[in-house]
Protein chains: 2
Amino acid sequence: MDQNSLPPIQTTARDDAVLKALVGFVRAEALQPGERLPTERILAERLKVSRNTVREALTRWEGLGLVERRQGSGTYLKAAVSHDMLHMPLTLAGGNDFTSLMQTMEIRRALEAEAAALCAERASQADIAEIARKLDIMEQAFRTRDGMSSEEDWEFHQAIYRASGNPLFEQIIAAMYELFHRFWEHPLGVRDFGHASFPYHRTIYECIAARDPQGARAEALKLIATVEDDLKRGAAKLKLSSQT
Amino acid sequence: MDQNSLPPIQTTARDDAVLKALVGFVRAEALQPGERLPTERILAERLKVSRNTVREALTRWEGLGLVERRQGSGTYLKAAVSHDMLHMPLTLAGGNDFTSLMQTMEIRRALEAEAAALCAERASQADIAEIARKLDIMEQAFRTRDGMSSEEDWEFHQAIYRASGNPLFEQIIAAMYELFHRFWEHPLGVRDFGHASFPYHRTIYECIAARDPQGARAEALKLIATVEDDLKRGAAKLKLSSQT
DNA sequence: GTGGTCCAATGGTCCAACCAATTTCTGCAC
DNA sequence: GTGCAGAAATTGGTTGGACCATTGGACCAC
C-alpha cells in the first residue's frame, strides 16, 4: 500500500492558519519589507484567535527571519512573503570554529562551480556586461586598498549567481555569507587573506564571456581551493600561536 | 573602539535564557535525539518562568527542526543541540511549478556530485558497508515493487550524504526533498519515473567503494541527468495533455 | 486476544492583567 | 513659535490560571 494515499488528517493548525491569513493580508495591502504590520492585539481580534496564538505564529516567522519585533514599536516585515514558501532551517553544530567554516566552504565549492558553469551557458549579453563591470570595480578596489575588497568581491560573485538563471544559488550562498562575516570580524592572523584568489576572478569571467562552461567550472574550483588554503593556513597559525 | 567589547545589556531575553538552560539540561542528561524532554509545566516551574515563555522558546526550536511536539504525548528531541549552534534560516520563494522543480534539481546536481566525491574520499569502511546495505534494500524493493522505491532510494542517498562528513549536505537536500514530495503527490504522468536512474545507484556505490572521487562525481551527475530528463518528459507530456 | 471505556498526562488555546520599551502628545518655559 | 521635559498612549513581553483536544495506558467485558 502506498503510505502517501492516506495522509494524517489535520484537525488543529491554528498558528499555521494565522500565518496563512497574514500572507493574504500582506499581499492584499501590498506591504513591502520594512513596513509595519498590524498589532498583535488587532490581529488577535480580527482573526478571532487568542493573542497567544498570534504570538506563537509570529515567533515562528521571527525565527525564520521574515519579521522583526520591536517592543514598544511594533512588528515589521523583513522579507517578502508568499503562500508557497519553502523553509530550510540549517543548523550548524559548533558555530565559529574552523570545522564549520570548512563545511560551508565545501557547500560553496559545489554551488559556485555549478553556478559558474550555468552562467557560462545562459548569461545574456547584459548579464556578462554587468559581471564585467563588477569585476572592474573589484579589481580597482583591490589595487587601491591593497587587497581589502571583500565587499566588491562579494558583489562580483553575486552577479554570477544572478546570471545563472537560478535564484536559489544566490539565496543559499547569501545565507552562508553571514557566517563568513562573523569570522572576518574576528580576524585570524592571515593578513593577505584573499590575495591568492584574486587572479581567478578574471579567468572565471573570461570563461563565462567565452561561453565555456567547463572552463568556468574549473576556474571557480581553483578559486575556492585558494580560499580553502588560506583558511587552513590561518587555522594552523592560530593553533600555533595558542600553544603558548 | 571595538564595538564587540561592549555588548548591549540584556534586560529581557527570557526565552533565549530558557533555551540556554535547556541546552544545559540536554547535555547534563545526555539526551539523545528521539528522547523526550521535560513537560512544559515542569520546565516552567523549574526555570521560574511562565509556561507561555517556555512555549515561545520551544516554538523557536520547533521551527528550527530541533524538537518535535506531540499533543498529548510530549516534546521530543529531534537533533543534537549545543550551546554554540549557528542557525541559517533560509526561505525560498519557489512554488510548485515545473521551473521551481528544475531549479532545485540544479542545486541538487551540484550538491549530489560534490557529496559523492567527498564520500569517496572520506567514507569509513563502516560507512561504505552501510551504503551497500541501503543499496541492497533499494534494489530489492525496486525489483519486487517494480520501480516504486522512492523511500528506499532516498535512504540510499542519505547514507552517502552522511558519509561525506559534512552534515550540511543532508540538511540542505533534505529540506528540498519536501518540495519534491509535494510534487510527487500530484503525479505528472510519467509512470516509470526513476527507472532510468536505477543502474547509476550501483555505479556510484562502486566508485565510492573503490575510492574514486572523480568517478563518483561523474556517475552522480549521470544519475541526476536521467532524473532531469524524466522531469522534462513529464512536463512535456503534461503540457501536451492540457492542450485539449 | 479484541475491543471498549475511563482516566491521567501533555501539548494547544484562551483570557485578563500587568511589565517594559517606545512613541506620541502635552504643556510649560523661553 | 520653539524646544524640551514629562505625562500618556501604544506595543511587544511576561505572568498565572483556566479549559480543551489528543494521547497512551489501565482496566474491564466479551
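The structure displayed is predicted, hence computed values, not measured ones. These values consider heavy atoms only, across backbone and side chains, with no hydrogens, waters or symmetry-generated copies. Below, chains carry the letters A, B, ... as their sequence lines are ordered, and counting in each starts from 1.
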May I have the distance from [X] (atom [atom1]) to [N] (atom [atom2]), rounded to whole angstrom?
X: A:L37; N: D:dG12; atom1: CG; atom2: P; value: 9 Å
X: A:K48; N: C:dT13; atom1: NZ; atom2: C1'; value: 16 Å
X: B:R14; N: D:dG12; atom1: CZ; atom2: C1'; value: 15 Å
X: B:R55; N: D:dG17; atom1: CZ; atom2: C1'; value: 15 Å
X: A:R51; N: D:dG12; atom1: CZ; atom2: P; value: 7 Å
X: A:E40; N: C:dC19; atom1: CD; atom2: P; value: 18 Å
X: A:E68; N: D:dT11; atom1: CD; atom2: C1'; value: 14 Å
X: B:R69; N: D:dT23; atom1: CZ; atom2: C1'; value: 16 Å

Practice prompt. Taking only the side-chain nitrogens and oxygens of A:S73, find out if one of them lies under 4.0 Å from OP1 or OP2 of D:dG12.
Written response: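 For D:dG12, OP1/OP2 do not have a side-chain N/O of A:S73 under 4.0 Å.
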Discussion item. Before you tell me yes or no, could you show the steps for A:R109 and B:E114 under salt bridge (charged side-chain N to carboxylate O under 4.0 Å, His left out), namely the whole-Å CA-CA distance, both residues' side-chain angles and the distance that decides it to 0.1 Å?
Written reply: CA-CA 8 Å; A:R109 186 203 306 160; B:E114 191 70 23; 2.4 Å; yes
Discussion item. I'd like to know if A:D15 reaches the base of C:dG12 with its side chain such that a donor and an acceptor end up less than 3.5 angstrom apart.
Written reply: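 No, the side chain and the base share no sub-3.5 Å donor-acceptor pair.
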Discussion item. What I want to check is whether an N or O donor and acceptor connect the side chain of A:R70 with the base of D:dG13 at under 3.5 Å.
Written reply: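 Between D:dG13 and A:R70, which were checked side chain against base, a qualifying N/O pair under 3.5 Å is absent.
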Worksheet item: Between B:E29 and B:V26, is there a donor-acceptor pair closer than 3.5 Å when you use the side chain of the first and the backbone of the second?
Response: no
As a test of reading the structure: which of [options] is closest to the side chain of [X], going by heavy atoms?
X: A:N52; options: D:dG12, D:dG16, D:dT22; answer: D:dG16
X: B:T75; options: C:dC14, D:dG13, C:dG11; answer: C:dG11
X: A:S50; options: D:dT22, C:dC14, D:dG13; answer: C:dC14

Worksheet entry | Side chain to side chain, A:R41 and A:E45, heavy atoms closer than 4.5 Å |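 Side-chain contact under 4.5 Å: no.
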Item to complete: Specify the residue among B:I42 and A:T53 whose closest nucleotide of DNA chain C lies further upstream toward the 5′ end.
Response: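 First, find each residue's nearest nucleotide; the 5'-ward one identifies B:I42.
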Worksheet item: Under 4.0 Å between a Lys/Arg side-chain N and an Asp/Glu carboxylate O for B:R60 and A:E62?
Response: yes
Worksheet entry | Carboxylate-amine/guanidinium proximity below 4.0 Å for A:E106 and A:R108 | no
Worksheet item: If you find the nucleotide of DNA chain D closest to B:E56 and the one closest to B:R41, which residue's nucleotide is nearer the 5' end?
Response: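 By nearest-heavy-atom nucleotide position, the 5'-most residue is B:E56.
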